[in-house]
Trainee: 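For reference, the structure I am asking about is given below.
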Amino acid sequence: MRTTLWPLSLGSLLTLGAALTGTSSEGDQGNLRLAHRQSTCDGVVLVRHQGEWGHLCNLEWTLAEASVVCRQLGCGPAVGAPKYVPLPGEMVRPWLHNVSCWGNESSLWECSLGAWSQRACPHEWVVVALCANGTFREIRLVKGHSPCAGLPEIMNVNGVDRLCGLHVEEATVFCRELECGHALQAPRQDVGVSKYMTCKGTESTIRNCRLNNKLRGGCNLLLDAEVICSGHVEARLVGGEHSCAGRLEVLRGLTWGTICHADLDLPTAHVVCRELGCGIAVSTLGGAQFGQGSGPVWLEAFRCVGNESLLFHCPREPGHHCGHEQDAALTCSEFRLVNGSRDCEGRVELQVQGTWAPLCAANWDLADAMVLCHQLNCGNAVSVPPGGHFGDGDAPIWPDVFHCVGTEPHLLHCAASTLGAHDCVLGNTASTICSGLQDILRLRDGQSYCDGRVEISLDGSWGRVLDNAWDLHGASVVCRQLGCGEAQRAYDAPAPIFRRVPVGLRQVRCLGSETRLVHCNVSTSLLVPAGTLRDAGVVCSGSLRVRLAAGPGRCAGRVEVFYQGSWGTVCDDAWDLQDAQVVCRQLDCGHALSAPRNAHFGAGTGHIWMDELHCLGNESSLWKCQSGSWGQHDCRHKEDAGVFCSESVALRLRGGTSGCIGWLDVLYNGSWGAVCSNALRDISLSIICRQLGCGDQGWLENRPSSGAGLGISWVDNIKCRNLHNATLWQCPSAPWNPHSCTQEEEVWINCEGPPQIALQDPAQTPNCSSSFGCLENSVLRVLGGEDGCSGRVELWHAGSWGTVCDDSWDLVDAEVVCRQLGCGQALAALGEASFGPGVGPVWLDEVECLGSEVTLEACQAEPWGHGDCTHKEDAGVRCAVKAQPSLCPTAPSLTPPSVAEVWNLSEIACLVLGCLLGIVFLVMIAQWCHIRDASMGAGMLGHLQSEGIYEDIEVDPVPKKEENTVSRLLMLEEGYDDAEEPEDQPTENDE
């Protein structure tokens, strides 16, 4: 169906377009017709008198008169009787004045007719009849979350007409006609403006309102809010670890409230999950498991059959009375296990737009399965059988490639590299066997599935293990039971964050030889309230892992190793491409492109775990290479090793007037290349624009390349799916190929919203000298503030913008941000989304800066994207003074600051001290000159005084000071920072 957006218009249904030529169709008597329309059953009412056509001049025109016209023309009943102000070219002379009908007449001529006259009408409108056999089909609200909320449209035979600029009177008529109650919100709130559509608010249908075609241009649809009627119902899940789990909240009209757990059954939970695009319900929870809500607790219960598409469509009845301590919650999943002998094993399938299809087994591993088992409330992953173990299924196989650590709350939160992946071999479907929930353990809130806070399931629900009497013997039992190797640490862990978890065990005393934790001497008493003590935590030897930090994504960055519960770096002594090759293979990141040294991605913190690595290049993990002992080194963090792998990807728009318009490029295998336009649809464009921070919509634009191509076109046939928090990297496509399409097929995109900074991608910065652009440094920006030095903190990482959580956020962290932005000192460190909530991922959490870091990503924090926050906790800053931001690192400037810069107290002190030293220096020079003159005068009397003067010159410290200053500046230019990190080795002067 053709869809047309006409600003301020009812389009082909009501607009009597000037571009359309008038059509004539005589009625039964040949003296009545509807004109200026493609259909003979819609249009301006014209009558013929004395051989000449003219329009009706009526002050009042209702469905009664329109019904008679439609009946006389054989067009069925009337569906609308609007008044219409035509354009000058559409005008004809009036003929008949003031017709009045009862509505049951067989022809217009049986009505009360006024005078036949061609005198001018006292008003500028003409009358229109819209008949059932014409083009009209329905009115509706679209892109909302129920039929009673959204953007107003009228659907015709010829297409869809978007209504623009409606006010409360028009919205009231719309809601009434849809049987959605009264209007609570209208698209526009401005008053005293001329409108294309004008309603009194009492009309029975929007098609009876007056239209002024002279005002139909100039309306901006992007400025319109949704129409929201009182009958609107919408569901959401709040407070969970991901968007498909949490406390159930229901919006009625404009008010959010909760429902009692007793009123939530499984069919209703399935409908909620379906409405949210979250697949099926895994479990329903009571007791405010995800925290207590606020606002009303709705007393009306939904009684869904289970096949409804929206909660709005479910029958309702009176519900229970309860307080917020009984708020209902649920967990949904877009993934499922099918064709197994029990619920927690089977073929892995993903639901997309209501259709289930299997995943490919080519890259499916135990870490991915672990996340899925936790997500499905099926315990831990026991094994990953070979492809096709639980059958092939009867749908095409999704080629998704996940790179889970094992700690993610949801499979779609794992890093993905589906873009460019090869098609799956027929029948190679992924399979998983989970443990179920009977007498099992799991570790939460750690860095892997082999470290973290201990939880136990005794009766099918998870409980905490409290830390009283906890020691390494108990940790050994946990590690052995989980198959995670030996226990390295037993520690006190903080209590759960997202949800209330009851106590499972306390006072656990083990010998260390037990095979299961429940075989130890334990207490299962639930008398200890949750939250009164900390939980038991363990670090097992199986937690050993590697990551790349502070880079543009998971496949480029500073090499860090998690060992004995702590992240540490790798020294660059002997670091080369063979060492980097092992890291890239271990992370499934392709092959190594480079092995940068000298803290190329910024200096790390904490331990330096490895030094003097000598890999052959074929080892399966970095710690299998020849090296020194753990933690034994002679390095500083300025020597941290880094890696660039071929699977490092990034996204940008190039060549446009802003960062939201241009040729779409993707970085792969170290080179930027174009994206091809074949199969690129609206969903894909929306995901791309959202990932770039450029709004929610985008459009393709035909534009000649004019030789502006890069010579590489990396990827074609991109077919994104409507998944939660999707990025381009999760979209199936043709495999990577540097010659995927011709230059004429390369895509130019125009996203709806300009960014608040000009450059959306680090590699667009013109001053970057690296062959990889500036991708080795994550870019930082602030949004929502009054200038470029205040706002919500956002970081560019893994090809998209994301926010920072306000947990542990303080003025020291803000100081690093302000310095990185090129602003003055930090004035405030703000939390709780003070500058509004962001979109996309929450990249950093638990940021703890020392204050001396060059960039925010150099501060200690949780791994990228592994926080426990929502956007209502986005961090912000307010800095003094705005300076020109620099997106790429440069050598320290050797020029003095401009006068306009603000000097802080330490800088003023240095300035004063410098002036005093200068004065002392001038006095010394003056004394020296005076003594020299005196000595020259006394030279003829002997040499003794001259020798004394020579000694004074010899000990003058000024030349030595100048030499040291120049040397230090040269060292800074070369990238060393010995001033901040003094070496213990003796200098040449000490030898």
Trainee: Are the side chain of Asp492 and the backbone N or O of Arg534 linked by a donor-acceptor pair below 3.5 Å?
Mentor: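 The answer is no, because no donor-acceptor pair under 3.5 Å joins these two groups.
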Trainee: Determine, stepwise, if the pair Leu505 / Leu458 fulfils side chain to side chain contact (heavy atoms under 4.5 Å, CB included).
Mentor: CA-CA 9 Å; Leu505 296 177; Leu458 296 175; 4.1 Å; yes
Trainee: Using the rule given for side chain to side chain contact (heavy atoms under 4.5 Å, CB included), can you reason through Leu587 versus Val546, listing the C-alpha separation, both sets of side-chain angles and the distance that settles it, and then say yes or no?
Mentor: CA-CA 8 Å; Leu587 292 175; Val546 67; 3.9 Å; yes
Trainee: Counting only N and O atoms by type, is there a donor-acceptor contact under 3.5 Å from the side chain of Asp806 to the main-chain atoms of Glu832?
Mentor: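 Answer holds: yes.
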Trainee: For the pair Cys805/Cys869, is the SG to SG distance below 2.5 Å?
Mentor: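 Correct, these two cysteines form a disulfide.
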Trainee: Please lay out, stage by stage, how Cys450 and Cys479 fare under the test disulfide (SG to SG under 2.5 Å).
Mentor: CA-CA 7 Å; Cys450 285; Cys479 292; over 6 Å; no
Trainee: About how many Å separate CG of Asp807 and CD of Glu862, when rounded to the nearest 0.5 Å?
Mentor: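 One gets 9.5 Å once the value is rounded to the nearest 0.5 Å.
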Trainee: Going by the side-chain contact (heavy atoms from CB on, under 4.5 Å) test, name the single residue among Cys571, Ser566, Ser627 that passes it with Trp609.
Mentor: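 With Trp609 as partner, Cys571, Ser566, Ser627 yield a single side-chain contact (heavy atoms from CB on, under 4.5 Å), made by Ser566.
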Trainee: In this structure, which one of Asp874, Thr803, Leu856 forms a side-chain contact (heavy atoms from CB on, under 4.5 Å) with Val793?
Mentor: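 Exactly one option meets the side-chain contact (heavy atoms from CB on, under 4.5 Å) with Val793, and it is Leu856.
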Trainee: Say you draw a straight line from CH2 of Trp809 to CD of Glu848; how long is it, rounded to the nearest 0.5 Å?
Mentor: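 If we round to the nearest 0.5 Å, Trp809:CH2 and Glu848:CD are 12.0 Å apart.
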Trainee: Could you tell me whether a side-chain N or O of Asp471 sits under 3.5 Å from a main-chain N or O of Gly474, the two making a donor and an acceptor?
Mentor: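 Checking the backbone N and O of Gly474 against the side chain of Asp471, a donor-acceptor pair under 3.5 Å is found.
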Trainee: Are the two sulfur (SG) atoms of Cys555 and Cys584 closer than 2.5 Å?
Mentor: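 Cysteines Cys555 and Cys584 do not qualify as a disulfide pair, their SG atoms being 2.5 Å or more apart.
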Trainee: Is a donor on one side and an acceptor on the other found under 3.5 Å between the side chain of Arg347 and the backbone of Phe390?
Mentor: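 Indeed, once roles are kept as given, a pair shorter than 3.5 Å links the two residues.
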Trainee: Glu873: which residues meet the salt bridge (Lys or Arg N to Asp or Glu O under 4.0 Å) condition with it, sequence neighbours left out?
Mentor: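 Checked Glu873 against salt bridge (Lys or Arg N to Asp or Glu O under 4.0 Å); zero matches.
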Trainee: Using side chain to side chain donor-acceptor pair (under 3.5 Å), reason through His261 and Gln326 one step at a time and then give a plain yes or no.
Mentor: CA-CA 6 Å; His261 173 62; Gln326 289 299 318; over 6 Å; no
Trainee: Between Cys344 and Cys378, does a disulfide (SG to SG under 2.5 Å) hold up when you go through it step by step?
Mentor: CA-CA 6 Å; Cys344 289; Cys378 280; 2.1 Å; yes
Trainee: Between Trp462 and Asn377, is a side chain to side chain contact (heavy atoms under 4.5 Å, CB included) present by the stated rule, with each step listed?
Mentor: CA-CA 10 Å; Trp462 291 103; Asn377 203 28; 3.6 Å; yes
Trainee: Between Asp263 and His320, is there a donor-acceptor pair closer than 3.5 Å when you use the side chain of the first and the backbone of the second?
Mentor: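 It does hold such a pair.
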Trainee: Hey, mind stepping through His374 and Asn380 against side chain to side chain contact (heavy atoms under 4.5 Å, CB included) and telling me if it holds?
Mentor: CA-CA 6 Å; His374 290 170; Asn380 300 318; 2.9 Å; yes
Trainee: Which value, rounded to the nearest 0.5 Å, describes the distance between Asp588 atom CG and His403 atom NE2?
Mentor: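 These two atoms lie 5.0 Å from each other.
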Trainee: Could you state the interatomic distance from OG1 (Thr268) to CD1 (Ile259), rounded to the nearest 0.5 Å?
Mentor: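 Those atoms lie 7.5 Å apart.
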